[in-house]
Amino acid sequence: MTKGSSILQRVLVNHFYKVNAGLFIFGFFVLFGLPFSPLAFHLSIITGIIQSPVFLASVMVTWLLYNFKCIDYILHQLADPRQSFLFCLNSLSFKKLYLYMVYVQALVYLPVILYALAIVWLALAKQQYWCAIAVLLFNVIVVSLTALIYIVSIQKKNLFKARFALPTFNINISKPLFIIPLLFLWHDRKQMLFVTKIFSLLILFGFIKLYVPDRYDIRPLQLLLLITAASHSAIVFHIRAFEEEFLSFTKNLPITIISRFMRMSIMYTLLLLPEFLFVFKGLNVHFVIADYPQILLMGIALLCMFHVVLLTDKTDMEQLIRVVFAIIAACFFILLYDPGLLLPAAIMLLAFVLYNSYYYSYEKKYR
Amino acid sequence: MLEFNNIQKYYGSYLAIKVPLLSITNGIWWMKGENGSGKTTFLKMIAGLHPFTGDIILENKFSIKKHRKHFVRLVNYAEAEPLYPSFLTAKDLVELYCETNCGDLQQAEDLLKQLHVYDAYHQRLGSYSSGMIKKVSLVLAFIGHPKIILLDEPLITIDAKAVDTICRIINDKYKEGTSFIITSHQTLHKDQLQFSGTLIAENKTIYTTGI
């Protein structure tokens with residue numbers, strides 16, 4: 001490994017897997033954590049992909065979506081002032097620079113490459129050559145074209161960014177402190193926000209439409225709320241990182257700890273507003289209006305709790321995901337006993353106690 | 001005015017600063033020290049941005065540990081290299097500081113005009129140069145009714161004309177009863193700022209000397 005590729009791997013690739021650890025752990029859980037043989041499951045999926053062009057096309061669309069995520073991340077990193085030293089790569093020959101970028105893309109795209117290789121291997125074994133060629137060609141084109149996009153970005157031409165940037169707008173009204181992290185999501189983490197919201201609303205929609213309870217019970221909806229809250233853990237992580245980097249000056253403002261906690265709660269209420277409104281579709285079937293406060297409190301309390309976890313020494317995504325799983329597992333078992341409003345109230349109280357203890361004593365650890 | 005009792009600041013297991021006892025009276029203090037001597041850490045501790053053991057008492061009344069809200073209301077701070085969300089405007093920050101520090105919006109806007117950044121008041125900070133952001137951060141430090149203002153390298157990145165303006169504002173504020181602790185590697189003329197004394201950061205501690 002040359003010095004250049006080693007630096008690119010450390011600066012661009014390793015950080016990519018670190019910040020997306022939640023997504024990969026979740027993906028791994030979905031793909032390999034099922035209660036039946038993973039090998040048989042994946043063999044049947046790959047056989048389906050080989051036999052059905054529609055299935056293959058939808059898999060390719062999924063790969064493309066993942067690649068958009070890779071592109072978005074790498075372009076953000078290349079545009080970051082802290083990575084401006086990478087501009088020196090422009091002194092390399094085009095061929096060498098291109099190979100470096102292919103290397104970067106191949107590493108961030110590795111999960112797709114590995115799965116694609118498994119499909120190619122099985123397609124060849126089943127003598128479905130057209131499928132093997134299609135999968136190979138598709139991924140070679142994706143990797144080679146994406147590497148070119150990175151080169152354009154390194155050369156600071158910014159063609160793609162300028163053409164495909166999503167619209168942004170600035171509302172010229174007074175912005176309260178609790179709204180600033182949400183504006184950060186809107187400006188800098190659009191893709192993550194949309195993907196999380198789509199996932200979260202889809203599972204809510206699926207649950208409300210497909211599950212018809214025999215008798216009234218709030219618990220299934222509460223369990224679903226746990227998944228909804230867990231799916232927001234990556235967003236909470238980014239909000240906390242933003243707060244630490246750009247809003248540390250607010251610690252010098254004369255705001256009481258209760259007021260700070262209230263502002264955080266309002267922020268997470270606004271973040272979960274689409275879910276809180278959407279859940280009304282299940283009114284009188286999955287819950288009655290008297291139970292609505294505990295649904296609200298449960299969602300807000302869990303996100304506040306995840307946020308507070310990041311004020312302790314659990315400061316990276318991997319650690320957060322572990323704690324989130326532990327919290328969700330504990331809540332799952334407690335919910336079975338139907339604790340009502342007690343559980344969300346207890347989580348909220350615990351979150352406040354921890355917030356009070358750790359907010360001012362928190363200090364970023366440089367590893 | 002500022003009393004330091006048994007201050008210890010660790011980064012992990014590394015002792016960065018130890019101040020057993022220190023008293024800083026009212027005045028304009030020039031804080032000196034080599035890079036990495038702990039000047040910024042010291043200022044951030046007073047501003048409430050860094051946790052530490054021990055206590056800091058302001059005006060024999062307010063402890064940073066026990067009366068945090070009152071303490072930070074009277075202590076304003078401007079960072080050496082301020083970082084703000086790029087999508088906010090100077091107006092957003094000024095309004096936030098005026099709201100929390102009970103500051104005068106008109107006065108803050110006047111300061112921005114004096115520093116020639118008011119034209120960009122409604123623009124996003126992402127479009128500002130580093131000097132403009134520095135000027136905004138300095139204006140924010142003057143908002144409210146602070147008893148002490150901590151300025152970490154206030155004169156870097158800003159133009160020569162703005163240096164004179166900042167010095168004039170500091171002198172005016174001092175006459176109104178506000179004290180200052182200023183770190184600066186630049187030597188200032190006596191006609192720019194009249195320092196009351198010097199704070200030295202060396203050997204992991206802070207002490208005062210005459211000017």
Side-chain angles (χ1 to χ4, degrees), chain A residues 76 79-82 165-190 238-239 241-260 263 311-313 315 356-367, chain B residues 9-12 14 41 43-44 46-53 62 64-65 67-79 82-89 91-103 105 121-127 130 137 140-141 143-146 150:
Chain A
H76 260 101
D80 191 318
R82 280 170 291 197
L166 285 164
T168 56
F169 54 86
N170 200 29
I171 309 163
N172 205 5
I173 52 166
S174 181
K175 297 176 184 79
L177 202 49
F178 61 81
I179 215 93
I180 295 175
L182 300 178
L183 287 173
F184 153 72
L185 291 178
W186 176 253
H187 284 276
D188 293 347
R189 295 288 183 274
K190 278 191 198 83
H238 285 274
I239 284 179
F242 166 76
E243 189 182 81
E244 188 55 27
E245 188 165 9
F246 291 100
L247 298 182
S248 60
F249 70 88
T250 60
K251 281 187 180 175
N252 180 239
L253 297 178
I255 303 170
T256 60
I257 199 81
I258 295 174
S259 176
R260 287 178 195 274
R263 283 163 207 248
L311 288 171
T312 63
D313 59 346
T315 50
N356 188 32
S357 307
Y358 285 99
Y359 182 75
Y360 290 121
S361 63
Y362 174 81
E363 199 163 31
K364 192 173 178 178
K365 287 179 178 60
Y366 295 93
R367 294 188 171 95
Chain B
K9 171 66 195 164
Y10 282 89
Y11 288 114
Y14 172 77
T41 300
L43 294 190
K44 283 191 169 181
I46 306 172
L49 299 180
H50 271 348
F52 60 92
T53 58
F62 302 117
I64 192 168
K65 297 283 170 78
H67 321 99
R68 191 186 166 95
K69 189 184 166 187
H70 291 102
F71 187 100
V72 294
R73 191 186 285 280
L74 299 173
V75 178
N76 286 6
Y77 171 62
E79 293 202 55
L83 259 183
Y84 300 113
S86 60
F87 50 83
L88 292 185
T89 62
K91 181 175 177 278
D92 293 329
L93 289 175
V94 167
E95 285 176 349
L96 174 68
Y97 270 72
C98 284
E99 184 199 326
T100 54
N101 287 12
C102 306
L105 188 66
Y121 191 47
H122 297 279
Q123 284 173 24
R124 286 185 192 178
L125 295 167
S127 66
S130 57
S137 81
L140 296 176
I143 290 176
H145 310 281
L150 315 165

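Lettering of chains follows the sequences in order, A, B, ..., and the numbering in each one begins at 1.
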Trainee: Sort out for me which of A:Pro254, A:Ser248, A:Pro176 touches chain B most, counting heavy-atom pairs under 4.5 Å.
Mentor: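 Highest number of heavy-atom pairs under 4.5 Å: A:Pro254.
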Trainee: Quick check: does any side chain N or O of B:Arg68 sit under 3.5 Å from a backbone N or O of B:Gly48, one acting as donor and the other as acceptor?
Mentor: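 Yes.
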Trainee: Considering only heavy atoms, which portion of B:Leu140 lies under 4.5 Å from any heavy atom of chain A: side chain, backbone, both, or neither?
Mentor: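 For B:Leu140, no heavy atom lies under 4.5 Å from chain A.
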Trainee: What part of A:Leu247 is in contact with chain B, defined as an atom under 4.5 angstrom from a non-hydrogen atom: side chain, backbone, both or neither?
Mentor: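 For A:Leu247, the side chain is the part near chain B, not the backbone.
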Trainee: Using the salt bridge (charged side-chain N to carboxylate O under 4.0 Å, His left out) criterion, which residues pair with B:Glu99? Sequence neighbours excluded.
Mentor: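 Result, salt bridge (charged side-chain N to carboxylate O under 4.0 Å, His left out) vs B:Glu99: none returned.
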Trainee: If I measure from the heavy atoms of chain A, does B:Leu96 come under 4.5 Å with its side chain, its backbone, both, or neither?
Mentor: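 For B:Leu96, the side chain is the part near chain A, not the backbone.
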Trainee: When heavy-atom pairs shorter than 4.5 Å are enumerated against chain A, which of B:Gly12, B:Pro82, B:Ala47 gives the highest number?
Mentor: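 Option with the top pair count is B:Ala47.
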Trainee: Salt-bridged, B:Lys44 to A:Glu363, with N to O below 4.0 Å?
Mentor: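 No, this pair does not count.
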Trainee: Any donor and acceptor pair, going by atom type alone, linking the side chain of A:Thr256 with main-chain N or O of A:Ser259 inside 3.5 Å?
Mentor: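 Yes: the side chain of A:Thr256 pairs with the backbone of A:Ser259.
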Trainee: Could you tell me how the ring of B:Tyr11 sits relative to the ring of B:His50: parallel (under 30°), tilted (30 to 60°) or perpendicular (over 60°)?
Mentor: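 Rings of B:Tyr11 and B:His50: perpendicular, over 60°.
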